[in-house]
> 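Let me give you the structure first, and then I'll get to my questions.
Because the structure is a prediction, the values reported are computed rather than measured. For ligands, and for the atoms within them, numbers begin at 1 and follow the listed sequence.
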Amino acid sequence: MATIPELYIVPHWQYRAEGNANLVLQYTGPDPRFHTTVLRLRKSDRDFAVGSSTTTADAKPSPSLKKSDITQESLFSSKVIGLLLGQEFVEQLITITLPTEFLQELALAIESSRPEARKQKGIDFEQRVGFLALDHTRFIKDSRSHAPSIAVEIKPKWGFLTKSEFIRKDQEIKKRKCRFCMYQHQKKQKGQESHLSEYCPIDLFSGEESLVHYALDALVRTPQNNLRLFVEGTQKDISEDSMKSCLSVETEPSSNTVDLSTTLPDVLAQILVDSPLLKRLGRLQLGLDSLDIETVHQFYEQLIRSSASETIAQPTLEEFFTAAETFLERTDMDGMMNQDQESFEAQNMSSLGFQADDDLDDVPEEIKLHFIREYLLSATLKDCSVLITVRREDDADETGEISKVQGKSVTEAGDRIEFKELHHRVVVNDVAFVYKITCIDLDPKKMSTIPMQLRKDREIVNFYLQKVGDGEVSCDARLAPSRGSDPLCLLPFYLTTRKTNREQNKPPLLHNTHLHTVAMYALAVAVLNLLSLLVGMILLCVGTFVYFAPGAVFVTSTMLPHLVLVLGATITLVSFLGYYGVMNEKRWILWVHGFTLLIAIALQITVGAFAFAYRNQGGEVLDKAWDRVFRTDPRGIHDLESFFQCCGFEHVFDRAVPATCALDHHYMTGCREHIQTAFQDSLQSIGVIGAILGGIELVSLVGAAILFHRFDKQRYERERAEGETALVRALLEAEQVDRAIDRTRRDREAERRNHYQALADQVRAQTLARAQEEGLLGPAGSQRDPPPYGTFDSSSRPTTRSSK
Ligand SMILES: O=P(O)(O)O[C@@H]1[C@@H](OP(=O)(O)O)[C@H](OP(=O)(O)O)[C@H](O)[C@H](OP(=O)(O)O)[C@H]1OP(=O)(O)O
Ligand SMILES: Nc1ncnc2c1ncn2[C@@H]1O[C@H](COP(=O)(O)OP(=O)(O)OP(=O)(O)O)[C@@H](O)[C@H]1O
């Protein structure tokens, strides 16, 4: 453990970020040895210096670790995870001692920069150790290079769908829906997230560039805590624009190529497909979780019962290492990396040594313990983050170099501690980039969390099955990509892809009739319902107006305004239900809509028939109404006479108000004729409106019936799956063409490079031979370059044992 007093200067540290268990600071002081380094400090619930009452929904208490344990944690990441994942992908952590006063002052200084949601925990002052690491959001500074470093941090989560035989019948959904997508529904319900993420880890881990690109775009749209962007070490907001502009490169237009612009997601997708990291990470997550938490918990319980203790001891570093080594041996992980996924899965299941229908009580305790440890290792890998750091290749880089190691020493010679990073090269659209890719957050998970993991897993699955059911399309990218639960959500994706393809002069991707048919029906029914919603509201306004119009009392004494109001309200309600049902794909609402639509149509027919039957008795009805109003509310008669400029009903002296109306106003005719004409006019308009409305309603009814049928879950899901599969196939085909072009380009580049390399080798060999001939050098091959990374020798296994 190193003690470096130059680091204990509070103003030299700036808050960078934090998670649930660790807080990270970046060095901003003048000492060049520590430039591009970060300090990672453990957090605990006991934040004595700067207490806060803020709580988070899912916060878990975390007691301080012992100094020896924390040191083991740093070795865990490099030795154990390094063995599984490959040393070059694992961040190096240097454990350093830190005085408590320094930690306390630091906590005060950074308090205002910390997000409220994380303040329930604070820097663990009791720890007195921390980890110095390379700042992987930047490159070790090469004074000659000027291109800015862009870094993207992805927390990919569970990148596999289990194939385990150990999955219980009632949890088969785990084989089709990934844990991340299921968990989203619970996170939303708990208020941890406001929207479902559009990202699906299965796409990211698919190895197919188009799906990887799709996953990256989805992360940009809904980053949650799975995506962060850094420019020169400073965190930036995520948006489509920031992702595009931070690396946007216009390629030189040449005579035979179209102008393309390369964006960060393009480069990232290429890196993630080129690099073996995600493939290995996904296989490790799956292989180390072969039994599923249900069986792992069963083993855990059995071990606790047989040992009659409350817990099982946390594995030591050596035990974790042995578990990792055994796993690699049983699955022949390294050999299987060249084999396809199915073969790896088969090898993994067949090497367990027992099967799901065996009596698991008979499994030896050592084996039970081993598989619990494997599960803990998988838990670490399911929760890590991948940091990809990219910059344009510039004059300072030796063009064409595939990989090179950059070193940085943080201590004085003698007691030399050196960080190293491995640079790779990627060419996208003829533009070359330098990148490094590293896994961070590789702490061991606690044995004591197994019961909590089981609870969490069951809650996620049960909530998902309750909320969504098991009819949704699988997350498996090879069958159909996950696109959320919106029935039309493929449409925007399809349109965007079509637009991009058109821009890039690629052929159209898809002619998906299923998708179009359903989408078009839904659109037509929604528009119709919006129209009739408008008509319903107009009828409501007309009905209300009639009440307050002159002579309202006379009119309201007939049934007309009541009918108009009832009709208006019914149409408004029915149309709203129709619109809502279609937009939200709610079958039962569509059913209610269709049913009430039938009632509305019946009501209209009744009113029509009623009006038709009484069309010749209009005079009689009006006479009776006049008589009733004359007796109960003469003022209404007076208003009517003024409105129509008439007096009395049949003639000017027939029940006129006042009786001297004709003499007072010089009106010469009775009102019957005026009122009847007005009624007939409005009846004509009502007839026309009724006919139009009837037409709309009938079409809407047919549309609703079709959609009701289309939204039939199984049929609809099948169609959607077919549509999505067709889409994926088309995308993959297009992608294959792209890759073939890329491959040819890369092959040509490699050919050119090999040619130059061969020439250089020839010249070097000749020069060496000449030098040897002239006696200037010893025999060839006596000197060899050291390997870029210290190889991890399994014979020099860690010997430290943790205390129970
Ligand atoms: O179980 P999950 O998938 O929710 O993962 C937890 C993470 O939640 P996420 O869903 O990524 O937001 C959680 O991340 P946040 O605190 O939500 O950023 C932690 O990483 C937690 O690990 P630990 O308890 O600190 O060791 C993680 O817990 P475990 O990996 O120990 O289960
Ligand atoms: N070596 C590094 N270089 C640059 N940034 C880093 C480095 N290590 C950590 N960070 C930043 O600090 C954040 C928190 O670190 P880390 O993921 O280790 O915390 P954690 O508490 O273990 O997270 P979680 O809640 O996921 O368990 C990371 O998400 C990352 O942004």
> Of all the non-hydrogen atoms in the protein, which one sits nearest to atom 31 (O) of ligand 2, and at what distance?
Glu153 OE1, 2.4 Å
> Which heavy atom of the protein is the closest neighbour of atom 25 (O) of ligand 2, given with residue, atom name and distance?
Asn20 N, 2.7 Å
> Indicate, as side chain, backbone, both or neither, the part of Thr438 found under 4.0 angstrom from ligand 2 when only non-hydrogen atoms are considered.
neither
> Determine yes or no for a side-chain-to-main-chain donor-acceptor pair under 3.5 angstrom, with Thr36 supplying the side chain and Arg138 the backbone.
no
> Mark up the atoms of ligand 1 that fall under 4.0 Å of a heavy atom belonging to Lys456, in ascending order.
1 (O), 2 (P), 4 (O)
> Strictly by modelled atom types, are Thr100 and Arg128 linked by a side-chain donor-acceptor pair under 3.5 Å?
yes
> Using distance only, find each side-chain donor-acceptor pair of residues 447-454 under 3.5 Å and give its atom names and separation, not counting sequence neighbours.
from, atom 1, to, atom 2, distance (Å)
Thr449, OG1, Lys446, O, 2.6

> Can you see whether Asp441 engages Ser385 through a side-chain donor-acceptor pair at a distance of less than 3.5 angstrom?
no
> For Tyr183, is the NZ or CZ atom of Lys187 found under 6.0 angstrom from the centre of its six-membered ring and inside 45 degrees of the ring axis?
yes
> Heavy-atom pairs closer than 4.0 Å: do any link ligand 2 to the side chain of Asp135, the backbone, both, or neither?
both
> Please compare Glu18, Arg179, Arg118 and report which has the shortest non-hydrogen distance to atom 16 (O) of ligand 1.
Arg118
> Answer with side chain, backbone, both or neither: which part of Lys187 has a heavy atom less than 4.0 angstrom from an atom of ligand 1?
side chain
> Report yes if some N/O of Asp441 lies less than 3.5 Å from some N/O of ligand 1; otherwise report no.
no
> Give the contacting part of Asn22 toward ligand 2: side chain, backbone, both or neither, where contact means a heavy-atom distance below 4.0 Å.
both
> Give the atom numbers and elements of ligand 2 that come within less than 4.0 Å of a heavy atom of Lys155.
26 (O)
> Heavy atom under 4.0 Å from ligand 2: found in Phe230's side chain, backbone, both, or neither?
side chain
> Going by the atom numbers of ligand 1, which of them fall below 4.0 Å from some non-hydrogen atom of Asn225?
9 (P), 11 (O), 12 (O), 15 (P), 17 (O), 18 (O)
> What distance do Ile271 atom CD1 and Phe433 atom CZ have between them, rounded to the nearest 0.5 Å?
8.5 Å
> Quick one: which ligand 1 atoms are inside 4.0 Å of a heavy atom on Gln453?
29 (P), 31 (O), 32 (O)
> Do side-chain atoms of Gln26 reach the backbone of Gln14 as a donor and acceptor pair under 3.5 angstrom?
no
> Give yes if a backbone or side-chain nitrogen or oxygen of Lys155 is under 3.5 Å from a nitrogen or oxygen of ligand 1, and no if not.
yes
> List in chain and number order the residues that pass salt bridge (charged side-chain N to carboxylate O under 4.0 Å, His left out) with Lys279, two or more places apart in sequence or in another chain; answer none if no residue qualifies.
none
